[in-house]
Every structure is written in structure tokens, then in C-alpha cells.
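As C-alpha cells, the structure follows; a few thoughts come after it.
All values derive from a computational prediction rather than experimental measurement. So you know, we letter chains A, B, ... as the sequences are listed, proteins then strands, and number each from 1.
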Amino acid sequence: MITGYIECGKIELARSFFDAMPDRNNVSYITMIFAYSKYGSVESAKELYDQMAEKDLLLYNAMIACFAQNNRAKEALQLFDEMLKPNANVQPDKMTLASAISACSQLGESKYGTWIETYMRELGIGMDDHLATSFIDLYAKCGNIDKAHELFKSLQTRDLVAYTAMILGYGINGRGKETIELFEEMMDADIIPNLVTFAGILTAYNHVGLVEEGYRCFMSMHRHGLLASQDHYAIVVDLLGRAGRLEEAHELIKKMPMQPHAGVWGALLLACSLHNNVELAEVAWKNCCELEPDSSGYHSLLANIYASAGRWDDAKRLRRAVEEKGLVKIPGSSWTECFESQQ
DNA sequence: TTAGGGTTAG
């Protein structure tokens with residue numbers, strides 16, 4: 001019953017059902033935690049997790065996965081650390097490690113990831129394709145592309161996710177030729193790309209600076225029956241914008257079948273700052289402000305563009321407005337420092 | 001024992 005509601009996305013109903021259950025066990029808790037995780041309600045998941053006095057492997061796995069899948073990598077690794085303490089009395093399994101590696105990857109923590117690889121062997125857990133794909137992503141993001149490729153070659157089956165991780169890895173490491181070759185290899189293997197794959201491939205083209213190839217790739221999405229999301233548009237706006245094709249990028253935004261999010265306009269604003277286009281920057285900035293009124297980053301970008309154009313008064317006016325409104329830049333994650341201080 | 005893992009820029 002509960003899983004039926006969850007499958008339909010009726011999470012409130014699932015929760016009511018869960019609350020009314022006379023014999024809730026840890027499996028019902030875990031089912032609810034995974035459901036909350038899927039729909040991004042991390043706080044609700046954590047609330048349920050905290051209710052259980054005895055934390056077993058399943059419960060740890062559910063909560064660590066929830067953090068890792070919702071971009072809360074630091075908390076995922078903190079909980080993983082807690083789980084490894086002797087008084088926790090549990091031993092991680094493949095699922096735990098998959099989430100922990102994913103969290104390391106989000107934080108660029110290659111040292112911690114390498115430690116997990118060693119620890120994995122100590123526990124007698126063998127490398128499977130899922131774990132290897134997590135490691136491919138981790139090592140590629142940390143710049144160790146050779147190690148990533150070595151793992152990719154060792155896979156039993158190269159599936160969609162593995163190809164996507166490797167393509168993205170080549171892309172962010174500036175390996176243009178390999179990016180294209182691997183994409184072609186994937187198509188030859190009749191592996192149908194999905195929306196995530198396209199985001200990865202477009203990102204790769206963007207990093208490598210292959211504008212035409214990237215644009216063509218984006219235009220081919222509908223042939224695969226895929227409707228590009230706002231994120232895909234943001235990458236292509238960035239791709240065109242960085243190449244100085246600002247008007248084309250602007251036209252693309254105007255033709256979007258859905259409302260662009262701030263990231264799309266933000267990509268155009270960034271491109272305008274790279275190419276000193278004040279008029280278009282003002283258009284992009286206005287849209288960014290409407291969509292994300294509390295962010296100071298867009299004002300700073302426009303102020304810099306004004307300053308580069310010698311419009312000092314406008315730059316000053318904008319900077320003053322930021323101070324008056326008390327808009328503050330949110331500092332980045334300090335997990336790396338936290339981790340290093342524990343060494 | 002039970003659930004369930006990996007891929008999306010700046």
C-alpha cells in the first residue's frame with residue numbers, strides 16, 4: 001500500500017498511511033526515508049531517521065544515500081564517518097560505499113575516495129560495475145583521467161551511466177578527441193542517450209570548446225525523443241555565449257518552450273561579462289534579479305561589466321545597492337578544510 | 001532477513 005502511494009508520487013498519503021501503521025518496523029521507516037529522498041525532502045527523511053534509536057545498516061544506508069543524492073555530500077560523509085566508529089557496531093556494504101564515493105566525488109575528495117578503495121579491499125568487498133562507475137566519476141573529477149579510463153576499460157558491461165561518466169570525465173579534463181570518440185562508440189553500441197547523458201555530453205563539449213559539435217548535439221536531442229530541460233539550455237547558452245555568439249544565445253532563450261530559470265540567464269550574463277556586452281548584460285541581469293532577487297552575484301557581475309566599460313557611476317550605484325540591501329555572497333563548502341583538520 | 005547503488009557546468 002505504502003509503496004503504491006510512493007510510486008504515484010503521493011508522498012503525503014504514504015506518510016499518513018505510515019503514521020497510522022500499528023506495527024512500523026525498520027523497513028517501513030526505510031521505505032519512507034527513500035521516498036522522501038526521491039522527492040528531495042531531506043529534512044523529513046532526517047526526522048524519521050532520528051526517531052529510530054537503534055541504527056542498523058539499512059537505516060544508515062538509507063540516510064547516507066538520501067544526503068548523497070540530494071547534494072548534501074558533507075552530511076553524507078559525516079554520517080559515514082559516524083557509522084565507521086566502533087560503537088556504531090555496523091559494517092558498511094556496497095550500497096554504503098556507493099553513496100560515500102558519490103559524496104566524495106561531489107566534494108572533489110580524491111584522498112578520501114582512495115582511502116575508501118583500500119578500506120573496501122580490507123572488508124573483502126569486490127569491485128563491481130556500479131562501484132567502478134562511481135570511482136570513474138570521482139577520479140575523473142579529481143583530474144586522474146588515466147585511472148578513470150583504466151576502471152572504464154575493466155567494466156564487465158559498459159552501460160549508459162558508465163559511458164556518461166567517462167564522457168563527462170574526458171570533457172572536464174579537456175580531452176576533446178576522446179570525448180567525441182567515446183560518444184560515437186556509445187552510439188555504435190546502440191546505447192540510447194537519455195537527458196542526463198546529454199547534459200554530460202554537452203558539458204563535455206562546453207569544456208572542450210567544441211561549439212558547433214555541441215550545438216548540433218543539442219539539436220539532435222529531439223531525434224531521440226528527448227525534450228531539453230532548462231539545464232540543457234543553460235549549458236548551450238554558456239557554450240554559445242563563451243564563443244561570443246551572444247545574440248544567438250539570447251534568441252535561443254527567447255525560443256525556449258518553458259520559462260528559463262536564473263541559471264540560463266546567468267549563463268548569458270557571464271558570457272556578456274566575458275565579451276563586454278553591456279546592453280545584453282542588462283537584459284540578462286534584469287531577468288536574473290526577477291527570478292532570484294536575494295542573490296548578490298548577478299549585481300557584482302553587472303557592476304564589473306559597467307566598470308570594464310568605464311561606466312563607473314553605474315558600477316558604484318549597483319555596488320551601493322548591494323550593500324544597502326544587505327545581500328551577501330554565500331561562502332562555498334568548507335568540507336575539505338574540515339576533513340584535512342581531522343587528519 | 002528486510003531496501004537499495006553508479007552519470008548533470010560554473
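If you take CZ of A/Phe135 and P of B/dG5, they are 18 Å apart, rounded to a whole angstrom. Rounded to an integer number of Å, the gap from CG of A/Leu131 to C1' of B/dG6 is 8 Å. Taking atom CG of residue A/Leu269 and atom P of nucleotide B/dA9, one finds them 20 Å apart after rounding to whole Å. Atom OH in A/Tyr170 sits roughly 17 Å away from atom P in B/dT8 (whole-Å rounding). The distance between atom CG of A/Leu160 and atom P of B/dT8, rounded to the nearest whole Å, is 12 Å. Taking atom CD1 on A/Ile201 and atom P on B/dT7, their separation rounds to 16 Å, with Å as the unit. To the nearest angstrom, P of B/dT8 lies 5 Å from CG of A/Asp137. Nucleotide B/dT7 holds its C1' atom 11 Å from the CE atom of A/Met186, rounded to whole Å.
Out of B/dG5, B/dT8, B/dA3, the shortest distance to the side chain of A/Ala199 is found at B/dT8. Of the candidate nucleotides B/dA9, B/dT2, B/dG5, B/dT2 has the atom lying nearest to any side-chain atom of A/Leu58. Distances from the side chain of A/Asn61 to the nucleotides B/dA3, B/dA9, B/dT8 place B/dA3 closest. Closest to the side chain of A/Asp128, from the set B/dG5, B/dT7, B/dT2, is B/dG5. Distance from the side chain of A/Val27 is smallest for B/dT2 among the nucleotides B/dT2, B/dG6, B/dG10. The listed nucleotides are B/dG6, B/dG10, B/dA9; the one nearest the side chain of A/Arg242 is B/dG10.
By the 30° and 60° cut-offs, the orientation of the rings of A/Trp285 relative to A/His299 is perpendicular.
Remark: the A/Thr203 side chain and the A/Asn206 side chain contain no N/O donor-acceptor pair separated by less than 3.5 Å. Looking only at atom types and distance, the side chain of A/Ser16 has no donor-acceptor partner in the side chain of A/Asp19 under 3.5 Å away. There is a side-chain donor-acceptor pair under 3.5 Å between A/Ser229 and A/His232.
For the pair A/His207 and B/dG10, the criterion of a side-chain N or O lying under 4.0 Å from OP1 or OP2 is met. A sub-4.0 Å separation between OP1 or OP2 of B/dT8 and a side-chain N or O of A/Gln106 is absent. Under 4.0 angstrom from either OP1 or OP2 of B/dG5 there lies no side-chain N or O belonging to A/Ser102.
A/Ser134 comes within 4.0 angstrom of the backbone, heavy atoms only, and of no base. Residue contacts shown for A/Ala234 include a base, since a base heavy atom lies under 4.0 Å away. Residue contacts shown for A/Asn26 include a base, since a base heavy atom lies under 4.0 Å away. Using a 4.0 Å heavy-atom criterion, one finds that A/Thr203 contacts the sugar-phosphate atoms exclusively. Across all strands, A/Asp93 comes closer than 4.0 Å to base atoms (heavy-atom distances). Across all strands, A/Asn194 comes closer than 4.0 Å to no nucleic acid atom at all (heavy-atom distances).
Scanning for salt bridge (Lys or Arg N to Asp or Glu O under 4.0 Å) contacts around A/Lys254 gives A/Glu251, with sequence neighbours left out.
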Query - Working for side-chain hydrogen bond (donor to acceptor under 3.5 Å, both in side chains), residues A/Asp81 and A/Tyr112 - result: CA-CA 11 Å; A/Asp81 262 350; A/Tyr112 200 100; 2.7 Å; yes
